[in-house]
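One-based numbering, in listed order, for ligands and for the atoms of each.
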Amino acid sequence: MNVDFGAPKELAGGLQQRRALYQPRLPPCLQGPTVRAEYGDATTTIDPSCANVVAQAFPNTFGQPLVSFVAPADAAAAAAEERPSIRVGVVFSGRQSPGGHNVVWGLHDALKAYNPQSVLYGFVGGTEGLFANKALEITDDVLTSYKNQGGFDLLGRSIDQIRTTKQVNSAMATCRSLNLDGLVIIGGVTSNSDAAQLSEILIQNNCKTKVVGVPVSLNGDLKNQFVETTVGFDTVCKVNSQLVSNVCLDAISAGKYYYFVRLMGRKASHVAFECALQSHPNMLILGEEVALSKLTLMEIINKICDGVQARAELGKYHGVLVIPEGLIESIPEMYALIQEINILHNNNVPVAEMSSQLSPWAAALFQFLPPFIRRELLLHQESDNSAQLSQIDTEQLLAHLVETEMIKRTKEGRYKGRKFSSVCHFFGYQARGSIPSNFDCDYAYALGRISLHMIAAGLTGYMATVANLKDPVDKWRCAAAPLTAMMSVKRHLRGPGAIPIGRPSIHPSPIDLKGKAYELLREKASSFLLDDFYRTPGGIQFEGPGSDAKPITLTIENQDYMGDIEILKECLSKVRAMVKPGCSREILKAAISSMLSLTDVLTVMSHPLNAELPLYHFK
Ligand SMILES: O=P(O)(O)OC[C@H]1O[C@](O)(CO)[C@@H](O)[C@@H]1O
C-alpha cells in the first residue's frame, strides 16, 4: 500500500478544522500527570465454569486483580515527583472505528505529561507494521491533523491478528528491538483476545513489554461487567440512524418501495438494535431473536411477507426493514452451511471444488440460494473463522425471496395488493469513516490516557476501561480489568454437562433479550410495523443541544439496573460476611452460588457497583 501514513494532512473542510480544535473532556482522576492505582480482589472469568481452562491457558495473567484509578491524594506533591521516561508502541489492530485516533492522542499526551522524554511509536500499516517493525514516532505535530477525525489513516491497519507463532514472535522481536515498556493494542473482541495471549507469552519469554488492550470497535459487542461500550459504536449508530430515518421519510413520501437495509456490526446485532431504537423503522430482525427461536430462512421470509401484507391492507406499499449483517449466520440452516464451508476452507479445499464436497442437505440449500449469495458465502474466512459478513448481501437475498413469495401469494389469491418493489442498501463503510461524536472523542481520549497509567503501573494483560459512561464526564470512573476475566470458552452442549472446547477468548456479547431496551422495542413492534412512527434523530451534533446525547441503550439499560442497587448491595455485603478464612465447605458453596447469581445480574452493563464487586476467585 503506497500511503504516506503519519504525514500531516490538510483538513480541507471547515468542520474538520473546527473539530481538530475540540479538546476532549477528562474525568477528574486523569487531569494530572499521575494517578493512584487501587487494587481490588483477584478475578476469575465471566463464566466461572471455564475458570480452570482459562487459568491453564494463562498461568501468569489469570486471576489478576481489578485496578481502579483515582486522583492522587496530594495532587501537587504527586505532580512534583520524578518519573521515569517510558517507551510505548501503539497499533491499530481491529477495523477502523470513529475515535481510534483519539486513543493515540490521549496516550501521547499522558506519556508526555508523565515524563516529556517518553517516546510513543505508532506501527505503520497496523499489525503487519508491528511484525515488520515499521514504526513512526508520534509527536504532537504528527497528531495535529488527526485529532477528533475519523478513519485510522494516521497509521493505517491490516489484519486483526497477532496469533500464530510467527506473528507473536515477530511482535516480541519488535518490542525488544524498540525496548518497549508497553504495547497498546487497539481493537475489538478478536484483537483483545490476541492481546491477552501476547501478554502471557511475553511474560513467559521474560520480555518486559506490558500489553494493554483498548476496546475500539464499531460493533459495540465487546460489552461485559467491565466494559460498557466500545469506541465508535456511538458515532456509527448516530450516522446509521440518520441514514435509516432518511430512507424512512423517502419511503413514505412516494409510497412505492420497501427499503431493505443491512447494517454493520458482525455477529451481534447491537448497531441494528440501537438504530431501530433511534429511527423506528417498520421492521427489525435481530440475529439473536432468530437464533433463539431457531427461525428458518423461509419462516423469516413469511414473517416479512405477513408484514407487507398487513401494511397493504392499510393501503401502504412502502416500508423499511432493518437487519444486522450477522443475521445470515443466525439462521440455523445457514449457520450449518457456513460451518461446512469453514471446514472446507480449513482443509484448504479449493473454492471451485467446495460445492461438490458439501453434505447432501447443505448442497441442496446451497443450490437453492441465488448465485450471488453462493459466491459470497465461499469467500475466504475472517480471522475469527466466521464468514465475511460484510460481503454477504443478506438484504438482497431477503428482498429476492420476499418478492418471490409475494408473487406466489398473488397467484394463489392470498395477496391482492399492488406489486411488491424493493430497494436494498448496506450501510457500513459510510458510517465507519465518520467524524467521531463528542462522546467517542472523549471516551477514546480518556482510554488512551488510562493506557499510559496502566503501563506505568506495570500492568499487563489488562484492558483500559471507563464506567458510568451514561453520566457526565466528571462522573466517569477509570479502571483496568484483566483480559482473562472477560474470557470464556465455547461449549459443545448446553447445560451442566457441557464440555468447554477451543481456545479461551473474549466473545462478542449478544443483545440481551431479557433487557429493558429490548422489551421496550418489542412493546412498540406492532406500532412500528403499521403506524409509520418514524423518528428523525438527524446528524451528529457537535455543539449545542444534542451534542451530549449518548446511545439510547446505555441510558435505558442503566435505568433498568438502578432499581436493583439496594438488593445488590445487601447481597454483596452478605457474601462478604459469609466468606472468612477457614470457613466451611458448605458456606463456601452457598457463597459461590450467591456470587454466581450476583455476577449474572451484574452482567448488565454500567453500574456503580461494578467496580465494588470483585469477581471472587474460589480455589
Ligand atoms: O473492512 P472489511 O474487511 O470489509 O471489514 C468488515 C467488517 O468490519 C466491521 O466493520 C467491524 O468489525 C464489521 O462490521 C464488518 O463485517
Side-chain angles (χ1 to χ4, degrees), residues 1 3 91-100 103 125-128 150-153 155-161 185-195 213-223 227 229-241 243-244 261-275 286-288 322-330 334-335 338 342 373 375-396 425-434 436 440 444 505-511:
M1 204 176 10
V3 180
V91 61
F92 287 130
S93 170
R95 266 29 181 249
Q96 304 81 282
S97 189
V103 176
T127 47
E128 281 174 356
F152 274 9
D153 53 326
L155 295 166
R157 72 164 289 276
S158 42
I159 46 163
D160 51 352
Q161 218 194 60
I185 297 178
I186 296 176
V189 286
T190 311
S191 306
N192 279 284
S193 298
D194 287 350
V214 182
V216 176
S217 164
L218 71 90
N219 303 337
D221 56 357
L222 204 179
K223 203 154 123 165
V227 186
T229 188
T230 45
V231 171
F233 176 71
D234 178 60
T235 305
V236 161
C237 290
K238 286 191 162 98
V239 175
N240 280 328
S241 299
L243 296 177
V244 171
V261 180
R262 174 168 52 108
L263 296 177
M264 264 190 179
R266 294 201 61 73
K267 285 179 190 152
S269 312
H270 297 284
V271 175
F273 182 51
E274 184 73 31
C275 293
L286 297 174
E288 289 81 349
V322 169
I323 58 162
E325 66 177 1
L327 179 69
I328 192 92
E329 274 198 338
S330 310
M334 294 302 300
Y335 176 76
I338 291 169
N342 283 351
I373 292 285
R375 205 177 41 249
E376 292 163 359
L377 284 173
L378 295 180
L379 291 172
H380 69 83
Q381 300 158 259
E382 293 282 1
S383 65
D384 62 356
N385 284 344
S386 66
Q388 273 198 53
L389 297 173
S390 61
Q391 304 303 311
I392 303 176
D393 294 312
T394 312
E395 75 287 7
Q396 293 189 27
H425 294 286
F426 172 42
F427 296 148
Y429 303 98
Q430 300 91 328
R432 206 166 76 168
S434 168
D440 279 326
S505 23
I506 303 172
H507 292 289
S509 115
I511 299 277

Looking at [X] and [Y], what are the two nearest heavy atoms and their distance?
X      : Y      : answer
Asn192 : Leu222 : ND2-CD1, 3.6 Å
Ala387 : Ile392 : CB-CD1, 4.0 Å
Ser93  : Ser191 : OG-OG, 2.9 Å

Taking only non-hydrogen atoms of Gly265 and a 4.0 Å limit, the atoms of ligand 1 in range are 14 (O)
A student checking ligand 1 against Glu325 at a 4.0 Å heavy-atom cut-off should list atoms 13 (C), 14 (O), 15 (C), 16 (O)
His425 and Glu395: side-chain donor and acceptor closer than 3.5 Å? no
Can a donor-acceptor pair be found between the side chains of Ser217 and Arg266 at a distance below 3.5 Å? no
Part of [X] with heavy atoms under 4.0 Å of ligand 1, whether side chain, backbone, both or neither:
X      : answer
Arg266 : both
Glu382 : neither
Gln96  : neither

Does ligand 1 have an atom under 4.0 Å from some heavy atom of Ser217? no
What's the shortest distance from [atom] to any protein heavy atom, and which residue and atom give it?
atom                    : answer
atom 11 (C) of ligand 1 : Asn219 OD1, 3.5 Å
atom 4 (O) of ligand 1  : Tyr429 OH, 2.5 Å
atom 9 (C) of ligand 1  : Arg432 NH1, 3.6 Å
atom 3 (O) of ligand 1  : Arg95 NH2, 2.8 Å

Between Glu382 and Lys267, does any side-chain N to carboxylate O distance fall below 4.0 Å? no
CZ on Phe92 to OG on Ser97, rounded to 0.5 Å: 10.0 Å
